[in-house]
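Note sheet for the following structure.
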Amino acid sequence: MPITGGLDFAPPFASLAGDAANDIYFPNNIAAEDPQIKEVAAAYKAAYNDEPLNKVFIGYDSILVIADAIKRAGALDPVKVRDAMEQTKDIKGTTGNISISPNTHRPYGLSMVMIKIEKGQYITKERYITQEQQKQ
């Protein structure tokens, strides 16, 4: 019987749960086969001698957005950085091309990936993006 859940089923869950993890479906921000994931994962493994968890990629993207906003603001002034962050458009991150809505202050345009665990492997089934996520 299939089971659905959240990011608690992301790696290393399947290796810890064994056969009990089969037929679990969950949405994720990333797909392991995405080229931008492989580059960051390799750098993480080289630096820490460990497999990166999902939150590594979200954290990486957060730093990309913040660093870009600081650079465009030209100063560490909080108001200028906030204003620059509101203008963030199409920063290529590990979770996709990140844009920030000046209206909601949230990212938009990002998709989610449906993952299935089969025989201990994480299989990307399909990528989804809602109508709401396609616009600001």
Side-chain angles (χ1 to χ4, degrees):
M1 174 180 292
I3 298 172
T4 61
L7 288 176
D8 292 335
F9 294 124
F13 180 83
S15 63
L16 299 172
D19 289 341
N22 286 335
D23 293 326
I24 290 178
Y25 293 81
F26 66 97
N28 201 346
N29 305 89
I30 60 167
E33 63 272 9
D34 289 345
Q36 68 273 23
I37 296 299
K38 291 179 181 183
E39 182 180 335
V40 173
Y44 185 91
K45 287 178 202 175
Y48 301 105
N49 197 29
D50 201 2
E51 294 291 324
L53 299 175
N54 187 64
K55 300 298 183 195
V56 166
F57 303 104
I58 295 169
Y60 179 87
D61 286 358
S62 296
I63 295 300
L64 281 179
V65 170
I66 293 166
D68 177 72
I70 291 169
K71 182 178 178 181
R72 287 184 291 110
L76 290 175
D77 177 274
V79 173
K80 289 180 180 180
V81 172
R82 180 208 58 208
D83 292 348
M85 194 169 291
E86 288 180 343
Q87 302 305 314
T88 298
K89 294 278 189 217
D90 294 324
I91 293 180
K92 186 169 175 59
T94 59
T95 58
N97 289 333
I98 303 165
S99 297
I100 304 292
S101 168
N103 301 321
T104 65
H105 303 112
R106 297 178 65 186
Y108 67 92
L110 298 175
S111 62
M112 294 295 286
V113 181
M114 186 56 72
I115 307 287
K116 179 183 182 187
I117 301 175
E118 293 178 6
K119 298 179 183 171
Q121 300 298 309
Y122 289 86
I123 310 298
T124 301
K125 300 307 281 182
E126 194 165 344
R127 190 174 291 275
Y128 296 94
I129 186 166
T130 65
Q131 292 275 338
E132 183 178 290
Q133 265 298 306
Q134 292 178 21
K135 57 186 179 208
Q136 57 178 351

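- Tyr60 OH to Ile37 CD1: the interatomic distance, rounded to the nearest 0.5 Å, is 10.0 Å.
- For the atom pair NZ of Lys71 and CD1 of Ile66, the computed distance is 16.0 Å after rounding to the nearest 0.5 Å.
- Using a distance-only test at 3.5 Å, with no hydrogens or angles considered, no donor-acceptor pair links the side chain of Thr95 to the main chain of Ile30.
- Using a 4.5 Å heavy-atom threshold, the side chains of Asn28 and Asn54 count as touching.
- At a threshold of 4.5 Å between non-hydrogen side-chain atoms, the residues Asn29 and Leu7 count as touching.
- Taking the six-membered ring where the residue is Trp, Phe9 and Phe26 present tilted rings, their angle falling between 30° and 60°.
- Around atom CD of Glu118, more than 12 heavy atoms belonging to other residues, nucleotides or ligands sit under 6.0 Å away.
- The nearest pair of heavy atoms linking Gly5 to Pro27 is O-CD, 3.2 Å.
- Connection of Val81 to Leu64 is established within a shared hydrophobic cluster, with ILVMFWY side chains joined at heavy-atom distances below 4.5 Å, either directly or through further cluster members.
- Residues Ser15 and Pro12 come closest through the heavy atom pair OG-O, 2.8 Å.
- Ile115 CD1 to Gln121 CD: the interatomic distance, rounded to the nearest 0.5 Å, is 12.0 Å.
- Annotation: the span from Tyr108 atom OH to Leu110 atom CG amounts to 10.5 Å, rounded to 0.5 Å.
- Judged purely by atom type and a 3.5 angstrom limit, Asp77 uses its side chain to pair as donor or acceptor with the backbone of Val79.
- The side-chain heavy atoms of Met1 and Asp23, taken from C-beta on, include no pair separated by under 4.5 Å.
- For the residue pair Ala31 and Arg127, the shortest heavy atom distance occurs at CB-NH2, 3.8 Å.
- Nearest heavy atoms, Pro11 versus Leu53: O-CD2, 3.4 Å.
- Using a 4.5 Å heavy-atom threshold, the side chains of Thr88 and Ser99 count as separate.
- In this structure, Lys80 places its NZ atom where only 12 or fewer heavy-atom neighbours from other residues, nucleotides or ligands lie under 6.0 Å away.
- Around CG of Leu76, the count of heavy atoms belonging to other residues, nucleotides or ligands within 6.0 Å does not exceed 12.
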**Asked** Checking salt bridge (charged side-chain N to carboxylate O under 4.0 Å, His left out) for the pair Asp50/Lys45: CA distance, chi angles, key distance, verdict?
**Response** CA-CA 5 Å; Asp50 201 2; Lys45 287 178 202 175; over 6 Å; no
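- Heavy-atom neighbours of Arg106 CZ from other residues, nucleotides or ligands within 6.0 Å: at or below the threshold of 12.
- Counted within 6.0 Å of CD on Glu86, heavy atoms from surrounding residues, nucleotides or ligands total more than 12; the atom is thus considered enclosed.
- When all heavy atoms of Ala10 and Tyr122 are compared, the closest pair comes out as C-OH, 3.4 Å.
- Note: Arg72 CZ to Asp83 CG = 10.5 Å, rounded to the nearest 0.5 Å.
- Under the 4.5 Å side-chain heavy-atom criterion for Ile, Leu, Val, Met, Phe, Trp and Tyr, Ile58 and Ile91 are members of distinct hydrophobic clusters.
- When all heavy atoms are compared, the tightest approach of Gly120 to Ala14 is O-CB, 3.8 Å.
- Within a 6.0 Å sphere centred on CG of Asn49, other residues, nucleotides and ligands contribute 12 heavy atoms or fewer.
- Grouping the Ile, Leu, Val, Met, Phe, Trp and Tyr side chains by contacts below 4.5 angstrom, directly or via other members, places Met112 apart from Ile98.
- Within a 6.0 Å radius of OH in Tyr25, more than 12 heavy atoms belonging to other residues, nucleotides or ligands are found.
- Looking at Thr94, its side chain does come within 3.5 Å of a backbone N or O of Phe57 through a donor-acceptor pair.
- Taking OG1 from Thr124 and CG from Asp34, the interatomic distance works out to 7.0 Å, rounded to the nearest 0.5 Å.
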